[in-house]
2 protein chains.
Amino acid sequence: MTDKIDGKDDAIWLHCSNSAVRRASRQLNQLYEDAMGDTGLKGTQFSLLSQIGFSNKPSLKVLAETMVMDLSALGHTLKPLIRDGLVELFPDDKDKRVKRVRLTQAGVAIQRDLTGRWRIAQDRFDAAFGQEKSEELRHTLAFIASPEFAKAFEGDA
Amino acid sequence: MTDKIDGKDDAIWLHCSNSAVRRASRQLNQLYEDAMGDTGLKGTQFSLLSQIGFSNKPSLKVLAETMVMDLSALGHTLKPLIRDGLVELFPDDKDKRVKRVRLTQAGVAIQRDLTGRWRIAQDRFDAAFGQEKSEELRHTLAFIASPEFAKAFEGDA
DNA sequence: GGAATTTACTGGCATATGCCACCAAATAGA
DNA sequence: TCTATTTGGTGGCATATGCCAGTAAATTCC
């Protein structure tokens, strides 16, 4: 039964929510980067810069949890931003294990610039998808990304 | 204004659909891989194996488009699967530029095994999220991943 | 207070993805 | 037919992410 009838029978992303989300993610990444593109910064980097801007000097741990990212993945992802002087790490006063993150001046400037470009992309998304549905979708996705959802997914028994 | 009031003011994923999808994607990847985990294969590899199984010896180009992936990215992603003998490439009869993909016997077996494990994860997702909403979400995401949506996003003018 | 355990990061390794430069085959044009 | 252009893939380079194995600092337990 491996080879179905012939051509485009079925598709994994119509059955698997994980595949569906990843696939949509690739598309959006494309669309948003086209719209913001020429700064050389990626969509993820914009997200990260923005979230760091929104936050108050978060520790790597906290930022990673917030972003629903592995701590080490966050560390890796920050490297190019640190190298390019957009972000900097500094030690916590109380706990010497902890490193906190903040935007540099350059980072703030870039983030501001990116936000303008991002806005265009987001407006296009809302136009194509519907403003209301857009917001609803983001909330839905935030729920899926929440610890409560993870608990419901795993825990229920 | 870089540092807002204090703690958890706002979040980029509540404003940016792209960030929202990526973040949810990270969570789901985690959850699904935990549930399927011990085969050593990733969620993406399951998607790919499944889609190759669903398709009829697609060319790399076609498969890439179907998966909404960059052609070269697909090539890279297939490498470990080819190396491990789950998938194989073979030339097209007519067009010597074209390479087609298919599962090997081992690939078919693994895919079958993975499908069983995946089903558990998907059932948990449906249970936690709601069967109906789950299906609806997949359709929504398929729409977002569609060329029509890309056109609407870019083209409208 | 000192050993055992936990916590926050780092570094190495592997996959996931994309862009760009290049190559070869196929196709359009003259 | 010969040349210019288009197409389908590959390889190199860079970021995105995650796991695992340390490491050092903090906390828990005698």
Would you indicate, yes or no, if D/dG8 has its OP1 or OP2 atom less than 4.0 angstrom from a side-chain nitrogen or oxygen of B/Lys96?
-> no
Does a salt bridge link B/Glu88 with B/Arg102, judged by any charged N lying under 4.0 Å from a carboxylate O?
-> yes
Using a strict 4.0 Å threshold on nitrogen-to-oxygen distance, state whether B/Arg97 and B/Asp95 make a salt bridge.
-> yes
Estimate the overall bend of the helix from C/dG1-D/dC30 to C/dA30-D/dT1 from the end axes over five pairs each, rounded to 10 degrees.
-> 20°
Just do the side chain to side chain donor-acceptor pair (under 3.5 Å) check on A/Arg138 and A/Ser134 with the steps written out, would you?
-> CA-CA 6 Å; A/Arg138 288 194 298 277; A/Ser134 175; 2.7 Å; yes
Nt span of DNA chain C in reach of chain A heavy atoms at under 4.0 Å, 5' end first, is C/dT7 to C/dC19
Of A/Leu60 and A/Asn29, the one whose closest DNA chain C nucleotide lies more 5' = A/Leu60
So if you build clusters from Ile, Leu, Val, Met, Phe, Trp, Tyr with side-chain heavy-atom gaps below 4.5 Å, do A/Leu89 and A/Leu103 land together?
-> yes
Taking for B/Gln30 and for A/Gln45 the nucleotide of DNA chain D with the nearest heavy atom, the one nearer the 5' end belongs to A/Gln45
So, A/Thr44 versus B/Arg22: side-chain donor-acceptor pair below 3.5 Å or not?
-> yes
Checking B/Glu33 side chain against B/Lys42 main chain: does a donor-acceptor pair fall under 3.5 Å?
-> no
CZ of A/Arg97 versus P of D/dT23: gap in Å, rounded?
-> 17 Å
Determine yes or no for a side-chain-to-main-chain donor-acceptor pair under 3.5 angstrom, with B/Ser50 supplying the side chain and B/Phe46 the backbone.
-> yes
Does a side-chain N-to-carboxylate-O contact under 4.0 Å join B/Asp92 and B/Lys96?
-> no
Check DNA chain D against residues 69-84 of chain A and give the residues with a non-hydrogen atom under 4.0 Å, in numerical order.
-> A/Met69, A/Asp70, A/Ser72, A/Ala73, A/His76, A/Thr77, A/Pro80, A/Arg83
Do you see a donor-acceptor pair shorter than 3.5 Å between the side chains of A/Thr66 and A/Gln51?
-> no
Separation of B/Arg119 CZ from B/Asp123 CG (nearest 0.5 Å) | 4.5 Å
Of A/Lys94 and B/Ser59, whose nearest nucleotide on DNA chain D comes first from the 5' end?
-> B/Ser59
Does a side chain donor of either B/Glu136 or B/Thr140 reach within less than 3.5 Å of an acceptor in the other side chain?
-> no
Whole Å only: how far is the NZ atom of A/Lys61 from the P atom of D/dA25?
-> 18 Å
Assign each of A/Asp95 and A/Arg22 the nucleotide of DNA chain C bearing its closest heavy atom; nearer the 5' end lies the nucleotide of A/Asp95
